Number of protein chains: 2
Amino acid sequence: MNGRFLGEPAIADRVRASAAELQYSPSHLARSLALGQTSAIAFVVPDLANPAFQAMLSSLSKTAAKDGYRVLVADSAESPEDEPLLVEEIRRRCDAIVLCAPRMPDAQLEALAADLAPLVLINRRNPEIHAPSLSIDYRSGIRTLARHLHSLGHRHLAYLEGPATSRSNEHRLRGLEEFEREEPEVRIDRLSGGVSSEDGHAAAARVRESGATAALAFNDLLAIGLLNGLLELGVRVPKEVSVTGFDDIPFARYTSPPLTTASVPHEELGVQAWHRMRALIARDEPAEDIVLQPRLEVRRSTAAAPR
Amino acid sequence: MNGRFLGEPAIADRVRASAAELQYSPSHLARSLALGQTSAIAFVVPDLANPAFQAMLSSLSKTAAKDGYRVLVADSAESPEDEPLLVEEIRRRCDAIVLCAPRMPDAQLEALAADLAPLVLINRRNPEIHAPSLSIDYRSGIRTLARHLHSLGHRHLAYLEGPATSRSNEHRLRGLEEFEREEPEVRIDRLSGGVSSEDGHAAAARVRESGATAALAFNDLLAIGLLNGLLELGVRVPKEVSVTGFDDIPFARYTSPPLTTASVPHEELGVQAWHRMRALIARDEPAEDIVLQPRLEVRRSTAAAPR
DNA sequence: CTGTTAGCGCTTTCAA
DNA sequence: TTGAAAGCGCTAACAG
């Protein structure tokens with residue numbers, strides 16, 4: 001049945017015919033047990049409703065499929081507590097795991113890492129962990145956005161934060177601190193944001209009250225909600241307040257006004273994650289870790305600061 | 001180890017301690033083989049990059065997780081030819097399958113259905129197939145949109161088609177025919193559209209040339225691209241041309257102008273799909289098939305027809 | 001070249 | 001109450 005039969009073709013045909021007649025269908029399960037591999041990998045994200053993670057999943061799944069691998073998905077619902085159990089459970093069902101932006105504390109992740117191997121990490125670097133890691137330079141990306149706003153004359157900015165457990169939020173914060181050191185006359189207010197467009201919408205009033213002339217949102221989802229909330233409050237964007245996002249999700253270019261953002265190649269991350277994973281599974285040396293640079297995408301949600 | 005041990009607690013503890021020491025971790029695979037169930041289901045869509053399918057996946061995965069089930073995803077890349085093999089392969093890896101908007105011909109789907117059971121169908125009804133089916137009344141939805149445009153004075157419409165293999169595209173076409181019979185003075189041009197925002201964008205010139213005062217797009221993705229393409233061509237929306245979408249993806253409300261659309265409860269579909277599936281797996285009688293009615297969501301991309 | 005067998009790691013049944 | 005054994009359906013190594 002497996003194609004590499006060396007006997008008489010007629011016999012093979014007869015066997016195949018009988019198999020069809022008996023409605024025989026091989027058990028992938030038993031095959032996996034005997035072979036010791038399932039040809040499936042897990043992909044875990046904090047929020048499957050986020051287009052950025054969806055884009056990675058879509059490209060990871062397509063890419064892995066070319067090598068006969070399927071992907072098992074799980075959403076940790078932004079819960080750092082449940083994450084370790086979820087991750088261990090799903091890992092045991094397949095051959096390997098891609099952890100995307102895990103929210104659990106470093107210590108737990110470090111403790112788990114060996115058990116999880118083969119493991120590929122996205123958006124979470126940790127020198128203690130021996131696993132390929134793909135990430136985005138959020139620190140530099142947010143600085144580029146801040147510098148863009150600065151060049152437009154903005155001196156009072158607001159940063160709408162992401163989840164406190166998000167490492168990439170920390171990196172943005174770090175980038176902002178650097179920027180403040182470079183441009184001491186700039187003031188940046190930290191405002192609590194969230195993770196969804198609704199959160200961004202709800203933050204609009206706080207942004208207006210802060211008096212900032214420009215708001216940097218944690219990501220595009222937040223920025224899109226903020227944009228809308230600001231408009232509803234009668235605040236003109238970008239005339240009165242400029243807004244930036246982060247990610248460049250497919251819809252960022254279609255908002256009103258189109259969103260200035262830092263563009264992240266999510267599809268590329270999915271492809272590269274699979275390449276690293278394939279190497280790991282084959283016990284090859286995976287390619288080097290990469291830190292992708294976001295690209296400034298200037299659209300119409302940012303403009304010169306009001307007088 | 002399985003919690004229902006009847007002996008001395010001290011012994012159980014000692015066993016557990018040894019297990020931990022030996023880094024014992026149960027093999028889900030072997031357990032599945034012995035038990036004859038994997039606690040995983042497959043979810044197959046034509047395009048994982050479509051937010052409508054992503055929303056279903058996200059809710060299906062969350063809902064199934066509550067019952068200890070994981071989901072294996074696959075994207076058929078809109079290919080009706082590869083679909084049957086893909087579907088059979090992934091089905092054999094797990095306990096059941098949810099087929100979302102399959103593109104393969106009816107005959108093939110009917111032939112496959114028995115092999116695939118337990119099977120839940122989304123967006124594809126077929127009386128020959130004995131499987132729970134959840135769908136959207138696209139026919140009525142598009143008619144509601146057309147009627148909305150008609151009430152605004154539009155008499156020359158254009159319909160931007162979806163993939164030829166999409167049954168839901170056919171249903172929309174059917175609804176439009178009904179509408180034409182009801183309102184004989186209305187003209188509806190059929191224009192080839194596609195499946196992505198890029199396709200919608202590319203169709204903008206064709207829509208303008210058609211002379212229609214309103215365009216109904218197959219879905220929101222197409223509509224958003226069309227909106228943008230029209231704007232780039234200097235066509236004012238909705239002043240000169242009204243545009244409608246279908247689905248009400250999360251971003252439809254944030255486009256410029258916000259998109260009038262037929263709202264489809266994708267999350268609800270995911271939840272209901274799991275409920276049907278759970279009943280099937282438990283050999284219970286699944287709840288009745290449902291045909292959800294889209295809800296007209298009037299936003300600012302539609303307005304009175306020009307003079 | 002063909003047919004037999006052990007074993008993957010679990011669950012369940014049956015015997016001690 | 002505890003231990004031993006059969007079997008889930010496949011693969012791979014081994015004799016015949």
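So you know, we letter chains A, B, ... as the sequences are listed, proteins then strands, and number each from 1. Owing to the predicted nature of the structure, the values given are computational and were not obtained by experimental measurement.
Rounded to whole angstrom, the span from the NE2 atom of His28(A) across to the C1' atom of dT11(D) amounts to 14 Å. Atom-to-atom, CZ of Arg31(A) to C1' of dC10(D) comes out at 9 Å; the value is rounded to the nearest Å. If you take CZ of Arg93(A) and P of dG9(C), they are 18 Å apart, rounded to a whole angstrom. Rounded to an integer number of Å, the gap from CG of Leu33(B) to P of dG9(C) is 12 Å. Atom CZ of Arg92(A) and atom P of dG9(C) are 14 Å apart (whole Å). For the pair Leu29(A) CG and dC10(D) C1', the computed distance is 10 Å after rounding to whole Å. Taking atom CD on Gln37(B) and atom P on dG9(C), their separation rounds to 21 Å, with Å as the unit.
At least one donor-acceptor pair closer than 3.5 Å links the side chain of Asp75(B) to the backbone N or O of Leu48(B). Within the 3.5 Å criterion, the main-chain N or O of Phe246(A) finds a donor-acceptor partner in the side chain of Asp220(A).
The side chain of Leu35(A) lies closest to dT11(D), out of dT11(D), dG9(D), dT11(C). With dG7(D), dA12(D), dG9(D) as the choices, the nucleotide that has an atom nearest any side-chain atom of Ala34(B) turns out to be dG7(D).
Between the side chains of Thr38(A) and Asp95(A), a donor-acceptor pair is found at a separation under 3.5 Å.
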*Mind running salt bridge (Lys or Arg N to Asp or Glu O under 4.0 Å) on Arg174(B) and Glu170(B) for me, showing each step along the way?*
CA-CA 6 Å; Arg174(B) 210 96 69 208; Glu170(B) 276 177 30; 3.8 Å; yes
